[in-house]
Participant: 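Mind having a look at this structure? Questions to follow.
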Number of protein chains: 2
Amino acid sequence: MPESKPPRTLKHATLERLMHYYHYIGEQIAQQSMGTVSSSEIAKLLDTDDTVVRKDMAAIGVRGYPRVGFKADEVLAAIRDVLGFDNAYRAIIIGAGRLGSALASYPGFSRYGLRIDALLDSDPSRAGAIEGGVEVRPLDELESIIEAHNVGLAILTVPAEAAQPLADRMVNAGLRAIWNFAPTSLVVPSGVLVRHEHISVGLAELAYHLNRRDTKEASE
Amino acid sequence: MPESKPPRTLKHATLERLMHYYHYIGEQIAQQSMGTVSSSEIAKLLDTDDTVVRKDMAAIGVRGYPRVGFKADEVLAAIRDVLGFDNAYRAIIIGAGRLGSALASYPGFSRYGLRIDALLDSDPSRAGAIEGGVEVRPLDELESIIEAHNVGLAILTVPAEAAQPLADRMVNAGLRAIWNFAPTSLVVPSGVLVRHEHISVGLAELAYHLNRRDTKEASE
DNA sequence: TAGATTGTTAATCGATTAACAATC
DNA sequence: TAGATTGTTAATCGATTAACAATC
């Protein structure tokens, strides 16, 4: 067996860049069926350095071709492989409010290997409805759905006060990752991954820059 | 006039930490009316170093009290001031789909100084409806609303293909920042700030870690 | 006062950038 | 071949951490 590159852990920043490469190269291919792309082309568009791009490629095991660049399909395949887009993970959404329903209808999930099996809601009268092709189920089926479908990920779109108790129940049921859209932090055992999607961080940045602009203009 | 600290530009990472401090201290105050908090207390909860916290405090002009810590209300006031939470920026939401409607109903915006003046939609028959207390207006009023209300920020929740043309129109009308929830990148003049809220970045990280867990278990 | 905590400088670490030989 | 681009090592830069005097 040929020695395969040990895939050491990729950092958050690297994963984010990989996702950008994936989108950029995917779009380029669709538009102007080009087969190769150089590190400097990618770097220019993503506003980074070409050395960074080449190091990222090395990190995911893609080799380039001197004088030519990288083959677009090889790069896309490597990213799909590293990020597990072809693994068909099972996920559920908890909270069938507007955000939960919007996410249930989002066609992008399946492209990234995520399959939404159910949309749970605390209001039992909503059970049976279909949102974005996903059936709404009552919340007390939480544990049985997680176990029956081998669900790995829960997308939490509930009010802040409901989030922690639900997280506890899901962790007990064997869930391994939580994508938290509730505006509160969660405490979970170390084996469980929580990604907190905190909208106010973006807001802070926008507010700060809008503010700066004002003061700058005022003082000039 | 006493020499006031020149507020040099805060980095993205700093802004993100400030937002976390703001939430953490706000919650602590609400729960157990404590008046002071030490840098190491904050650091422990946010999983960072106490030196970082003290440097951030210095950056926003807050002085601590040796042996005591920082006064919670002074910290909160300084963050509000730096991030401009009390400035009442005008914003509009474009795209009254599920995500746009969900954001229109989000009570958090006003807490951060953002006032949603209108919700625009390309379907004229929706005009006049109320979503989360915000009136839906037809899209062709875009320019007039931006100018009449002195709108600084637009929240874009439209399909990918509609985003760039709308961005162009808004920039022409004098808009200064775009919060882009459409799954596509935008090209704007250098004076305009775009913050792209790209859901697939979070997805990539979750997929990667779920994947790693699997391979780890399998190889052990 | 003694001791806890700040404020700040110095040391370490990691990430970014520059340089350049290897390659086709 | 000549030249463009990769792959990788070395140099630089910035951010994180450690240390410690100043303070109340």
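Hydrogens, waters and symmetry mates are skipped; everything else that's a heavy atom, side chains included, is used. Chain naming here is simple, since letters A, B, ... match the order of the sequence lines and numbering starts at 1 in each.
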Participant: Between B/Pro66 and A/Lys55, which is nearer to the 5' end of DNA chain D once each is assigned its nearest nucleotide?
Facilitator: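 Nearest nucleotide further toward 5': that of A/Lys55.
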Participant: Check every strand shown and say whether A/Ser40 touches a base, only sugar-phosphate, or nothing at a heavy-atom separation below 4.0 Å.
Facilitator: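 If one applies the 4.0 Å heavy-atom cut-off, A/Ser40 turns out to touch nothing in the nucleic acid.
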Participant: For A/Arg67 and A/Lys11, find the nucleotide of DNA chain C closest to each by heavy atoms; which residue's nucleotide sits nearer the 5' end?
Facilitator: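 The residue whose closest nucleotide sits nearer the 5' end is A/Lys11.
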Participant: Of all nucleotides in DNA chain C with an atom under 4.0 Å from a non-hydrogen atom of chain A, which is the first and which the last going 5' to 3'?
Facilitator: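 Answer, 5' to 3': C/dA15 to C/dT23.
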Participant: For B/Phe109 and B/Tyr106, I'd like to know if the aromatic rings sit close, meaning centre-to-centre distance below 6.0 Å.
Facilitator: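 Distance test on ring centres: under 6.0 Å, yes.
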Participant: Working note: A/Tyr22 + A/Phe85, criterion ring-ring contact (aromatic ring centres under 6.0 Å, His included); need CA distance, chi angles, decisive distance, verdict.
Facilitator: CA-CA 11 Å; A/Tyr22 190 76; A/Phe85 289 165; 5.3 Å; yes
Participant: Using Watson-Crick or G-U wobble geometry with both distances below 3.5 Å, tell me the partner of D/dC24, or none.
Facilitator: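 Base partner found: C/dG3.
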Participant: side-chain hydrogen bond (donor to acceptor under 3.5 Å, both in side chains) for B/Glu16 and B/His12? Distances and angles first, verdict last.
Facilitator: CA-CA 6 Å; B/Glu16 196 166 326; B/His12 173 86; 3.2 Å; yes
Participant: Pull out every residue in residues 47-54 of chain A that has a heavy atom closer than 4.0 Å to any atom of DNA chain D, ordered by number, or say none.
Facilitator: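 Contacts with DNA chain D under 4.0 Å: A/Thr51, A/Arg54.
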Participant: Is the backbone of B/Lys44 close enough, under 3.5 Å, to the side chain of B/Thr48 for a donor and an acceptor to pair up by distance?
Facilitator: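 Between the backbone of B/Lys44 and the side chain of B/Thr48 there is no qualifying donor-acceptor contact (under 3.5 Å).
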Participant: Please name the nucleotide paired to D/dT12 by Watson-Crick or G-U wobble geometry with both distances under 3.5 Å, or report none.
Facilitator: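 Across all strands, the one nucleotide that pairs with D/dT12 is C/dA15.
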Participant: For B/Asp47, does the CG atom sit with more than 12 other heavy atoms under 6.0 Å from it, leaving out its own atoms?
Facilitator: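 12 or below, so no.
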